[in-house]
Structures are given as C-alpha cells and as structure tokens.
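Reading through the structure tokens given below for one structure.
Note: hydrogens, waters and symmetry copies are ignored here, and every other heavy atom, side chains too, is used.
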There are 2 protein chains.
Amino acid sequence: MNLTQLRFVREAVRKNFNLTEVANTLYISQPGVSKQIKELEDELGVEIFERRGKRLTGLTDPGRQLVPVIERVLTDIRNLKQIAEQFSKQDHGQLSIATTHTQARYALPAVVRSFKERYPKVHLALHQASPQQIAEMVARGEVDIGMSTEALDRHPDVVTLPAYSWEHCVVVPEDHPLANVATLTLDAIAEYPIVTYERGFTGRSKIDEAFAAAGLEIDVVLTAIDADVIKAYVEAGFGIGITASMAFDPVRDRGLVRLPAGHLFTTNVTRIGVRRGGYLRGFARDLVQLIAPDTSIADLERFSNGGRSDKEEEAL
Amino acid sequence: MNLTQLRFVREAVRKNFNLTEVANTLYISQPGVSKQIKELEDELGVEIFERRGKRLTGLTDPGRQLVPVIERVLTDIRNLKQIAEQFSKQDHGQLSIATTHTQARYALPAVVRSFKERYPKVHLALHQASPQQIAEMVARGEVDIGMSTEALDRHPDVVTLPAYSWEHCVVVPEDHPLANVATLTLDAIAEYPIVTYERGFTGRSKIDEAFAAAGLEIDVVLTAIDADVIKAYVEAGFGIGITASMAFDPVRDRGLVRLPAGHLFTTNVTRIGVRRGGYLRGFARDLVQLIAPDTSIADLERFSNGGRSDKEEEAL
DNA sequence: TATCCTTACGGAATTCGTAAGCATG
DNA sequence: CATGCTTACGAATTCCGTAAGGATA
C-alpha cells in the first residue's frame, strides 16, 4: 500500500469513477491508475469499486467504509506538509482564500491591508466563486480559508466560525419616490421592480424569506452576483436595488440613495470556514483573527485543528 | 513522502532514536533508514530529529508536532487493512489479546469457549504480560485487545471499558487458626505472614491501600504473578494467601479454605482496552461483548472506533 | 575502541509509459 | 464507433544492500 494508490482512489471518487479523468488530473497514464488501484484492491483483498464489465460505476460496500479513512489519511499527509512549512518558511508561503465577490470587494480589502503589513512575504491568492463552490473548494483542501454568507456551514467537511454580521439596504435613485420616506416597509418595496442578488448569493435567501413571510409577491427584474452590477442597473432606472449595506459608498455612488433596511430582513452572518481535520499555519490563524476579531482563543484553537476531537487537538 | 518513511520515523521514536535498532526491527539495512529519514526531512524542509554530531538524540520542535500526526496516519493505514479484512475474511483472521495470568487462567476460558463456537476459523492468540506491558502492546497496536485490572486506563492511547468486577479472598490451610473465624478483619490477617501478588498485578494496589488506610503493617513474605503459585506456597505453610476470589477452586484446591474478603478490600474492576483511534473488526467487537456483556451498544460503538470524535465515528 | 551515522556505488525491484486489445453504451 | 478499462512489455526511476569512511561516547 502506498500514498499514490490512496490518492488515485480519492480522485476516482471525486471524478465519478472515470479513471481516464483521474489519470489526466494527476498527470499520469491511464493504465498506471488502473494497475495501482487493482494492486491496492489485491493487497486489501476486497474490491473498492463496483464494476459493470470493465467500467467502474461506484463504490462497493467495503469501498464506502474505506474511502472516508483514505480521505483522513490524505488530509493528515497534507497537514504534515503544512506543519513543516510553519517552521521552514516561517512567514513565507501561499495562503489561498475562496470568497464571494461581496466579501472580496467590500469586506476583505481592509483585512488584506493589515495582513500584508504583518506578513509581506506571504502570497495571498483570492479565488472568487459561488458559495457552493467555495464550500467545495474548502472541503477538498484546494484553498485554506473560505468566506461566504451562504452555504458554507452546510457542508459536512467544513468547520465554520462567524466573522461579522451585516444588514441589507435598499438603493434607489435620488429622485425616486422612496428616496425620502421616513421608514421603509416591505409593502412599499414590493410596489417597485427589484434588482438584487442571484439566488444563493449574499443573503438573497433572507430577502426572499422576508417577502414570503409577509405574503408579498415581488417582481425581481434582474439579478446579479455583485452589488456593482446591481447599482449600475438601479442607476439606469431598471428598478430599486437591494444590496448589502457595506456595498454602498456615498461618495462613489453619487446619484443614488441608501435606505436602511435592517429592520425588514434578517441580519446576515458572514462565516469563515476551514476544512475539517485540516491544519492552519500561524499566518492563516492570524488572518482568521483579522477577519473575525471577536473569535475567542478557544474557538480559534478548535478551528485551526479543523474541529477535531479533544484528544486529537492535543496531538496537533 | 511515503509510508515507509513515516514508519521509520515512528520506529525511531519508539527505539529512542537509535537508527540501527530501527533497521533491525524493520528488517532493513541501516543506511536505508538513514537515507529515507533524511529524504523525508529534505522534502518537508525541516529537521525532525535533534542531532548531536552524527547521532540522533531526540525530536526537534517541528518533530514534536509532526510525530503525533504521523502516528495517526499509520494507525489509519492499519485501520484500512482491518476494515478490508472485515469483508474479505468475514469470520477468519487473527485476533490477539494481551492479558494477565489471572484473566487468562480464570476469566477467559469460558469466554474463549463461546467465541470459538461462534468463530471457529478465527485464530486467537493470547499474550501473557504485565499490566504495563499490556497497555503498551495495545497502544502500539501489537494486539487488538488488552485486558487487565491495573494500569490499562492510565495510558493516554488506550480506550477502556469495564469488563467485570471481582473481590479478593483470603486462602488458608484448612487447619489454620483463621479457617473457622466468622468474619475476617484486617487486623486478624495482619497477624500472619502473607503471600500475595506482585506490586502492579491483580489488584495488589487495593490490598496495600486497605492495610495502609487501617494503619497496619503487613509482612509480605512472598509475592507471585499468579494465584497458582501463591496457593502452592500457602499449602506449603509459608503464610496465608490473598488472591482473586475466582482463582479458588474448592475441588482442585482441596486442603485449602477460601475466606471471603470483599468487605475488607476495595472491589476490583477488570477493564478491557483497545487502541485509541483503532478499528475493531466484527468478531473483535463480539469478543468484547462476551467479555463485558453489560456494555451498551453506544459504548461499544465508541469503543470499536477507538474513542474518536462524533464526526470521525460517522466516517468509520 | 566500540557504537552509530553518513556517503558512495552497483544491482534489484518497482513504477510508468506506450501500444494493442476488448468491452460498453 | 467513441469512450473507457485491461494486458503486455520495455524503459526509467527508485529502492535497497554492501562496503568504506567519519564522528561520538
């Protein structure tokens, strides 16, 4: 048994049991993958993969039990490398973050500035993706840290921590009838066509829930992934916008008015997530604290060991 | 990085950083070990071992962090094999138990009989050792199950479960003055020379504690590891014996009398232990239930996953 | 001086890629 | 008939043992 074989098995599961794809992503010949997997199965004395004729179609019964342990082994192997880097490249290295447009554009710049001051030699890689994709990337260990308001804490292989809360606001052109109302109501908003986030992005779910609970039908004429696009369409007169409050900049967004809407929609909690069982290097832990300053040391400890059990926390 | 390198590191720690011994126990040449360890260190970019000149003397700072993870990886690799065996050799295989003389001689025969009936093809290997050795053997994964009244639950890498409780008794020749007393007292026992277990064996600690608490000095003239030896010396008139109650057989031990002493010494709890993080095959779980029939299913579940966290229990 | 680790080199074993063959949808 | 897995074989790489050298207690 060797680690290469375990990696092939993991990748085969991820690639839906297509060994040709496995071979391509791991830069190896396809017969090599076949042979190694067969050898692993021979050594273990069980078939890991269900086969229909020559094709692999799924996991066998033993396979279903083996794969999670294989995943854990490979996570730990990665942890070994991370721990070593912690010492060898003290304040150097790569740190990759997957996040949504909203966080990357409005929440992270300040954080990144302080981080870069403290760790000038760490290369920060910001990957923009959808909340679902972010959760997947974290779970697979493709990025160190994920940050998103949605989906992140739904994934079983991701451990999350609340980073900060924020509220929605309504954005209208300054000559809009709503621009001067004292207190905004859901009914008032529902009168107008709405431009807001796509489903699954930046608290969109909270918006829909609020109107649904009030029994109101809304006319969403346009959806976008980011507030910049939304504001552009509001400016162009397509409707009124509902965005994250921090996406509004009074100076830059001249011609638009922001109306507080925190009392209308549930408060949103943006969460930060890491891979369960993963290990966070020192500068990654520091970044977590910059993003979520209210985190207690105990939380952070648990977090940086990827939410392992007590016993295993000690071990790391 | 490969598993061989990790095994070398683990063994080096176990063998007190003597690579020559590592080479011998793993049946490989000594330069091979040196080279592989150096290559692992090169790849990780840190030194795992502290060196004085050419000799290894201990773990470095990174080494101390890496070793527990390495141990976990190797445990999981072993788990993979065990899980596979669970399927491939359904009711076949090896099951090794480390236990003291007392358990092997008096508690286990009945259990082994039922087990063999249920699993005739499983080869049972009984290793006799001291409680400390048993704990070590379990922790290292040299045996599947350990059983002992002492020391077992002191080891951090062993998870234990109570198996059964038992009491001590006093054994005297039938013509001894104590043979006919109504209720035995510690004072009465302390009058005579005593033959009993060695320190660290079969509840000896409880015996010492009882006399110490009563402020009595006792004259232990002879100690042994097993009750058969103790009884032989009692018969030969060296003194009165204190043994485990179940070690007395009225038929076989003709000429001796057993006096109940449960009211004098703390009740003993024999525990059964497995390696933390280890995986128990089906027949091993069944053996645990035969030994400790009062175990709840929930306890057993936790036990057979070696006391891992909830998340990891699911995984197995 | 005996023990223990490292370096150097040659042979053995393993791994890996190419090419050809065969099954599946 | 295009996709996907297996088998076969030769090349390349890696691994491992022996032998010699050097450091430590």
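Between A/Asn18 and D/dT3 there is no side-chain polar atom (N or O) within less than 4.0 angstrom of OP1 or OP2. Phosphate contact (OP1/OP2 of C/dT14, side-chain N/O of A/Asn2, threshold under 4.0 Å): absent. Regarding contacts with the backbone of D/dT6, a side-chain N or O of A/Arg51 is found under 4.0 angstrom from either OP1 or OP2. Proximity of A/Ser34 to the phosphate of D/dT6: a side-chain N or O atom is located under 4.0 Å from OP1 or OP2. Between B/Arg52 and D/dA25, a side-chain N or O to OP1/OP2 separation shorter than 4.0 Å is present.
When distances are taken from the side chain of B/Arg55 to each of C/dT6, C/dG17, D/dT24, the shortest belongs to D/dT24. In the set C/dT6, D/dC5, C/dT24, the nucleotide with an atom closest to the side chain of B/Pro31 is C/dT6.
At the heavy-atom level, B/Gln36 lies under 4.0 Å from the strands shown only through sugar-phosphate atoms. At the heavy-atom level, B/Gly53 lies under 4.0 Å from the strands shown only through sugar-phosphate atoms. Residue contacts shown for B/Phe17 are limited to sugar-phosphate atoms, with no base heavy atom under 4.0 Å away.
In summary, the side chains of B/Ser88 and B/Glu85 do not present any donor paired with an acceptor at a separation below 3.5 Å, with no hydrogens or angles considered. Between the side chains of B/Glu150 and B/Ser205, a donor-acceptor pair is found at a separation under 3.5 Å.
Taking CZ from B/Arg72 and CG from A/Asn79, the interatomic distance works out to 6.5 Å, rounded to the nearest 0.5 Å.
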